[in-house]
2 protein chains.
Amino acid sequence: MLLSYTEENYLKALLKITFNSGINEVGTNKLAASLVVKPATANDMLKKLKEKELVKYEKYGKIKLSKSGQKIALDIIRKHRLWETFLYQKLEFSWDEVHEVAEQLEHIKSEKLIDKLDKYLNFPEFDPHGDPIPNRNGELKVHYKKTLSDIAVGSSCKMVAVKDNSSSFLQYIIKVGLGINNQIKVISKQEYDSITIIEVNDILSSVSLKFAENIYVLCGDCIEGKKCFECQ
Amino acid sequence: MLLSYTEENYLKALLKITFNSGINEVGTNKLAASLVVKPATANDMLKKLKEKELVKYEKYGKIKLSKSGQKIALDIIRKHRLWETFLYQKLEFSWDEVHEVAEQLEHIKSEKLIDKLDKYLNFPEFDPHGDPIPNRNGELKVHYKKTLSDIAVGSSCKMVAVKDNSSSFLQYIIKVGLGINNQIKVISKQEYDSITIIEVNDILSSVSLKFAENIYVLCGDCIEGKKCFECQ
DNA sequence: TAATAAAGTTAGACTAATCTAACAAATAAA
DNA sequence: TTTATTTGTTAGATTAGTCTAACTTTATTA
């Protein structure tokens with residue numbers, strides 16, 4: 001199915017809203033606002049997208065992407081992020097310049113192009129902003145945003161990934177008695193150098209700021225399945 | 001001045017027609033045909049482009065690009081050919097696939113992008129089809145005037161570019177065992193229909209007049225670096 | 001629960017790019 | 001030089017995407 005740039009942008013906006021807010025419920029107004037058009041305009045487009053079975057939507061109801069609509073939206077995000085990576089890595093664009101150009105490039109229609117670009121960039125999993133790049137099947141690595149250094153004194157969190165994959169770091173982690181899925185409580189933090197005392201399995205350890213910044217964690221709410229914006 | 005893709009395509013078409021035919025006189029019908037629209041459509045657009053001072057044009061008269069129109073057209077051709085070069089050199093697209101994708105990429109709006117791409121490709125002077133790439137001031141290396149059909153029986157020449165960029169033609173060229181920079185010897189020519197027997201890498205092929213007219217060549221003298229007036 | 005506010009929809013209009021069909025001008029041919 | 005043919009123009013319609021203004025439904029709150 002050949003879609004116009006505009007239609008593609010509506011699908012992308014829908015995916016982004018549900019992604020970022022964790023909410024699956026999108027209304028006409030919110031959609032319109034995110035595309036900087038009037039609600040009436042979005043409403044018209046929704047009818048069209050429903051006709052094409054790209055969204056599920058009943059009058060006065062909430063909007064959801066259909067399976068195929070979601071696939072298309074993921075595909076556009078894939079293209080967007082691959083182009084950003086290209087601009088950043090190969091053409092030496094700066095971090096903050098890539099988005100605008102990628103907004104245009106994401107609409108270029110050629111599967112071959114994007115697969116070749118993917119290969120050329122060595123199948124990157126994250127774009128320059130750290131956002132995950134969907135693969136050609138629309139699957140993406142979840143990525144974590146919060147590190148142990150972001151957790152407030154007194155709060156608990158769960159380790160989910162490491163940022164630094166070096167073996168020396170991994171060995172250090174083990175020594176502290178830490179591992180994926182372990183619960184960590186932040187006991188105290190030295191203001192001067194951010195040395196942090198943590199508690200893992202009832203054992204206290206002190207770790208450096210560098211250490212804390214290389215441990216991805218989920219906050220207390222996310223541990224309970226809430227998917228907050230700051231963590232994921 | 002921000003132009004639509006469509007407007008850009010009209011300017012490009014005008015430049016291409018005058019370029020390829022050597023004629024400076026373009027009419028509504030020819031322009032429309034080259035864009036695969038009806039003359040009425042082209043006529044409407046011409047009024048718009050005249051309004052913007054991108055073409056010089058009076059009712060029932062001939063169409064010419066203005067200075068600024070020409071600059072914009074050259075800019076689009078620059079983008080087109082740089083993208084073709086990128087696709088061919090970096091992404092390993094084949095000769096005959098690049099055009100279609102570049103038709104889309106040429107409309108991406110970012111001066112920075114195209115200058116960085118130019119640098120990344122090491123400021124190429126010719127695209128994969130042998131066509132010259134305008135620099136950022138719209139200047140380009142002379143392009144070729146002589147085609148295979150101009151070469152006398154018994155003489156040799158070197159293929160340097162193609163006039164027709166259609167994939168069907170390019171694939172035909174490949175089938176004949178021909179490519180950019182190949183030496184061609186004209187063995188014989190049928191007087192009646194100009195069917196020409198050529199020799200490429202010791203292999204003989206017979207090609208039509210239409211074929212021969214779409215292969216740009218350099219004559220024997222020019223191959224040796226002489227730069228004769230007829231070829232360049 | 002009735003009034004008010006917020007959210008969503010509809011109708012009618014506009015612009016850009018296209019079309020068809022009818023017409024006008026310029027050019028070529030008899 | 002009149003006629004026929006080609007070339008170019010105009011008028012009116014269509015589609016996609018947008019708008020404003022008026023209206024309806026749903027949600028909130030006093």
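Letters A, B, ... mirror the listed sequences (proteins, then strands); counts begin at 1.
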Can you find a side chain N or O atom of B:Lys30 that sits less than 4.0 Å from OP1 or OP2 on D:dG8? no

Does D:dA21 have its OP1 or OP2 closer than 4.0 Å to a side-chain nitrogen or oxygen of A:Lys38?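 Result: no.
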
Provide, to the nearest angstrom, the distance between the [atom1] atom belonging to [X] and the [atom2] atom belonging to [N].
X       : N      : atom1 : atom2 : value
B:Lys47 : C:dA16 : NZ    : P     : 14 Å
B:Met45 : C:dT15 : CE    : P     : 16 Å
A:Tyr60 : D:dC23 : OH    : P     : 13 Å
A:Asn43 : C:dA11 : CG    : C1'   : 12 Å
A:Asn29 : C:dT9  : CG    : P     : 9 Å
B:Glu58 : C:dA26 : CD    : P     : 13 Å
A:Asn9  : D:dA16 : CG    : P     : 17 Å
A:Leu35 : C:dG8  : CG    : C1'   : 16 Å

If you measure only the distance, is there a donor-acceptor pair under 3.5 Å linking the side chains of B:His129 and B:Asn165?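 Indeed, the side chains of B:His129 and B:Asn165 share at least one donor-acceptor pair under 3.5 Å.
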
Do A:Lys79 and A:Leu105 come within less than 4.5 Å of each other through their side chains, counting heavy atoms only?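 No - every pair of side-chain heavy atoms lies 4.5 Å or more apart.
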
Quick check: do A:Lys52 and A:Leu3 have side-chain heavy atoms less than 4.5 Å from each other?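 In short, these two side chains touch, coming nearer than 4.5 Å.
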
Sugar-phosphate, base or nothing in reach of [X], heavy atoms under 4.0 Å:
X       : result
A:Tyr5  : nothing
B:Tyr57 : sugar-phosphate
B:Ala40 : base
A:Thr28 : sugar-phosphate

Which nucleotide sits closest to the side chain of A:Asp44: D:dC19, D:dG8, C:dT20? D:dC19

Closer to the 5' end of DNA chain D via nearest nucleotide, is it A:Lys59 or A:Tyr10?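 Looking at the nearest nucleotide for each, A:Tyr10 comes out on the 5' side.
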
Which class fits the ring pair B:Phe211 and B:Phe169: parallel under 30°, tilted 30 to 60°, perpendicular over 60°?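 Correct class here is perpendicular.
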
Approximate separation, where rounding is to 0.5 Å, of A:Glu97 CD and B:Ser110 OG: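 Interatomic distance, A:Glu97 CD to B:Ser110 OG, rounded to 0.5 Å: 8.5 Å.
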
